[in-house]
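Heads up: the structure comes next, in structure tokens.
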Number of protein chains: 2
Amino acid sequence: MEEREISKAVIKRLPRYYRYLGELMENGVERISSGELSSRMSVTASQIRQDLNNFGGFGQQGYGYNVKYLYEEIGKILGLDKKHNMIIIGGGNLGQALANYVDFEKRGFYIKGIFDVNPVLKGLSVRGIPIHMLDDLESFIRDEQIQIAALTLPKSKAEEMTALLVKYGIKAIWNFAHIDLDVPSDVLVENVHLSESLMQLSYNITRYEKEHPRS
Amino acid sequence: MEEREISKAVIKRLPRYYRYLGELMENGVERISSGELSSRMSVTASQIRQDLNNFGGFGQQGYGYNVKYLYEEIGKILGLDKKHNMIIIGGGNLGQALANYVDFEKRGFYIKGIFDVNPVLKGLSVRGIPIHMLDDLESFIRDEQIQIAALTLPKSKAEEMTALLVKYGIKAIWNFAHIDLDVPSDVLVENVHLSESLMQLSYNITRYEKEHPRS
DNA sequence: TAGATTGTTAATCGATTAACAATC
DNA sequence: TAGATTGTTAATCGATTAACAATC
């Protein structure tokens with residue numbers, strides 16, 4: 001069976017389709033055409049159909065797409081029908097912000113624990129999620145079958161923590177540290193580089209001001 | 001003067017170049033060739049030269065690029081040589097995490113205030129940054145010349161806050177709410193959709209497991 | 001000068017859009 | 001059946017890579 005590689009650009013758009021379909025569902029919309037979705041999302045209808053047909057024919061000629069069905073199918077493609085056990089490495093504000101975000105669980109991401117080096121945090125918990133010290137890390141990853149580690153640490157500590165996580169068998173790292181992690185090819189990394197995002201905004205502000213000088 | 005439009009893909013790479021050049025500088029490296037940078041960053045040398053030449057010829061044949069000079073020039077392109085006054089809308093964990101991140105100031109982003117509706121937070125401050133109630137928002141944006149608002153609110157409140165911010169003359173929104181904001185064309189938006197980032201990671205895990213079934 | 005490496009043009013590759021036959 | 005809209009192929013557009021003359 002010939003497996004065609006799906007491009008990153010397509011994968012990046014899937015969660016947005018998923019979000020819009022979820023909203024349509026909440027509003028009781030049962031079916032939608034690529035044309036209608038196109039105008040709501042400001043992408044071309046052609047792109048929507050092209051994207052979806054990477055994974056299968058989810059629509060029906062003359063009818064369009066069943067919203068609930070398409071929502072669920074995209075959910076499966078994204079792996080949201082499976083349980084993913086997560087830990088958060090770093091109990092600071094960002095780590096706590098992630099721990100407090102309840103919607104992750106609705107998507108199948110279960111935050112099982114938070115880890116920190118600061119002994120002051122020992123025994124505390126965030127929204128019922130206990131904060132552990134690093135000594136427990138290895139057994140916790142094994143026993144709780146943790147797949148994903150969210151790395152919310154200063155970059156100075158991120159590298160050694162990554163080495164540890166890899167050693168303990170973590171499958172995927174959601175990296176918030178401002179550094180490119182060095183991991184073996186069987187460990188997946190998704191970066192959230194906040195300062196780079198802010199710099200992009202800054203670039204756009206700068207360019208806009210150049211093009212529209214104030215009188 | 002013919003202004004060529006710079007593609008989004010290029011802009012997205014600039015902060016990463018900036019980060020690597022900053023690290024090279026810290027390590028005392030004075031010059032670097034596109035080839036050497038290429039192998040460190042895992043991008044092609046051709047792409048580096050092509051990207052940079054969108055903005056000007058920063059290098060020198062037979063020599064390469066002066067690290068400090070290139071770092072500063074990319075900083076200027078990104079607008080990091082200018083002061084940007086920011087506020088954070090939403091005093092929860094995520095808002096506080098941003099407020100605590102001191103490196104933003106090094107890049108010219110000054111967080112002047114945090115705004116929330118919760119009266120419990122009134123009068124408190126985070127790292128010396130005061131938390132205000134919404135009544136002060138209009139005058140604060142005007143008097144402190146706020147350009148950027150970081151929106152760290154639940155999506156239910158994000159829309160009305162956006163309308164308010166636009167009305168009060170904000171120039172740019174750094175949006176952390178899981179929603180596409182509707183703003184006039186002179187207001188810039190940069191999105192950080194955390195749950196979409198996590199879904200991309202989930203997709204990659206799912207695909208990896210399919211391609212590498214455990215025996 | 002010879003060697004190195006850029007800046008830039010040309011070639012290739014991939015992604016997006018357009019078009020339309022298939023079909024519900 | 002006629003109308004609507006998909007799935008899919010072909011055309012276009014843009015971004016990346018390769019190649020090399022210019023030049024330090």
Side-chain angles (χ1 to χ4, degrees), chain A residues 1-17 20-21 24 29-74 77 200 203 207, chain B residues 1-17 20-21 24 29-74 77 200 203 207:
Chain A
M1 189 176 62
E2 170 79 12
E3 282 283 330
R4 227 158 30 70
E5 187 71 21
I6 309 293
S7 86
K8 267 193 177 180
V10 174
I11 305 312
K12 231 181 135 167
R13 286 192 291 268
L14 287 181
R16 189 156 175 264
Y17 292 139
Y20 272 83
L21 289 164
L24 287 168
V29 178
E30 275 179 21
R31 52 177 268 199
I32 194 152
S33 68
S34 58
E36 169 68 11
L37 192 57
S38 151
S39 67
R40 286 180 189 247
M41 295 187 64
S42 306
V43 295
T44 64
S46 202
Q47 182 164 76
I48 292 173
R49 296 202 298 278
Q50 196 75 275
D51 282 353
L52 296 177
N53 278 92
N54 280 302
F55 303 98
F58 301 122
Q60 201 165 76
Q61 284 96 332
Y63 172 89
Y65 299 87
N66 178 287
V67 172
K68 184 157 183 289
Y69 174 69
L70 185 55
Y71 177 82
E72 282 166 359
E73 288 302 311
I74 294 180
I77 294 165
Q200 287 174 61
Y203 171 84
R207 192 202 47 181
Chain B
M1 191 178 64
E2 170 78 13
E3 280 284 330
R4 227 157 31 68
E5 188 71 21
I6 310 292
S7 86
K8 268 193 176 179
V10 174
I11 304 311
K12 233 183 133 166
R13 285 192 291 267
L14 287 181
R16 189 156 175 266
Y17 293 139
Y20 272 82
L21 289 164
L24 286 169
V29 178
E30 275 179 22
R31 50 177 270 200
I32 194 153
S33 68
S34 59
E36 169 67 11
L37 193 56
S38 151
S39 68
R40 286 179 189 248
M41 296 186 63
S42 307
V43 296
T44 64
S46 202
Q47 181 163 76
I48 292 173
R49 295 202 300 277
Q50 196 75 274
D51 281 353
L52 296 177
N53 278 93
N54 280 302
F55 303 99
F58 301 122
Q60 200 165 78
Q61 282 95 333
Y63 172 88
Y65 299 88
N66 178 287
V67 172
K68 185 158 182 288
Y69 174 69
L70 185 56
Y71 177 81
E72 282 166 0
E73 288 302 310
I74 294 180
I77 293 165
Q200 286 175 61
Y203 170 85
R207 192 203 46 182

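Proteins come first, then strands; the chains are lettered A, B, ... in the order of their sequence lines, and each starts at number 1.
Look at CG on A/N54: it is 10 Å from P on C/dT16, rounded to the nearest Å. In this structure, A/R31 atom CZ and C/dC24 atom C1' are separated by 11 Å, rounded to whole Å. Summarising the geometry, the separation between OH on B/Y65 and P on D/dT23 is reported as 15 Å, rounded to the nearest angstrom. The separation between A/I48 atom CD1 and D/dT5 atom P is 13 Å, rounded to whole Å. Atoms CG (A/N66) and C1' (D/dT5) sit 15 Å apart, rounded to a whole Å. Atom C1' of nucleotide C/dG14 and atom CD1 of A/I6 are separated by 14 Å, given to the nearest angstrom. Atom CD1 of A/I11 and atom C1' of C/dA15 are 14 Å apart (whole Å). In this structure, CG of B/L14 is placed 14 Å from P of D/dA15, rounded to the nearest angstrom.
The closest side-chain heavy-atom distance from A/V29 to A/L21 is not below 4.5 Å. Counting heavy atoms from C-beta outward, B/R13 and B/Q47 have side chains that approach closer than 4.5 Å.
An OP1 or OP2 oxygen of C/dT6 is reached within less than 4.0 angstrom by a side-chain nitrogen or oxygen of B/S34. Contact annotation: B/T44 reaches the phosphate of D/dT17 (side-chain N/O to OP1 or OP2, under 4.0 Å).
Contacts of A/S46 with the nucleic acid, taken as non-hydrogen atoms under 4.0 Å apart, include base atoms. Nucleic acid contact for A/S7: sugar-phosphate only, since backbone atoms but no base atoms lie under 4.0 Å from a heavy atom of the residue.
Geometrically, B/R31 does not engage B/Y65 in a cation-pi contact, judged by NZ or CZ lying under 6.0 Å from the ring centre and within 45° of the ring axis.
Side-chain atoms of A/Q50 lie closest to D/dT9 of the nucleotides D/dT9, C/dT6, C/dT5. In the set C/dT23, D/dT8, C/dT8, the nucleotide with an atom closest to the side chain of A/R49 is D/dT8. Closest to the side chain of B/Q47, from the set D/dT5, D/dT16, C/dT17, is D/dT16.
B/R16 pairs by the side chain to side chain contact (heavy atoms under 4.5 Å, CB included) definition with A/D180, A/E196, B/R19, B/Y20, B/M41, B/V43, not counting sequence neighbours.
In terms of heavy-atom proximity, B/N66 sits nearest to B/Y69 at OD1-N, 2.9 Å.
The partner of D/dA21, taking Watson-Crick or G-U wobble pairs whose two distances both stay under 3.5 Å, is C/dT6.
Residue order along DNA chain C, read from the 5' end via each residue's closest nucleotide, puts A/A9 first among A/Y63 and A/A9.
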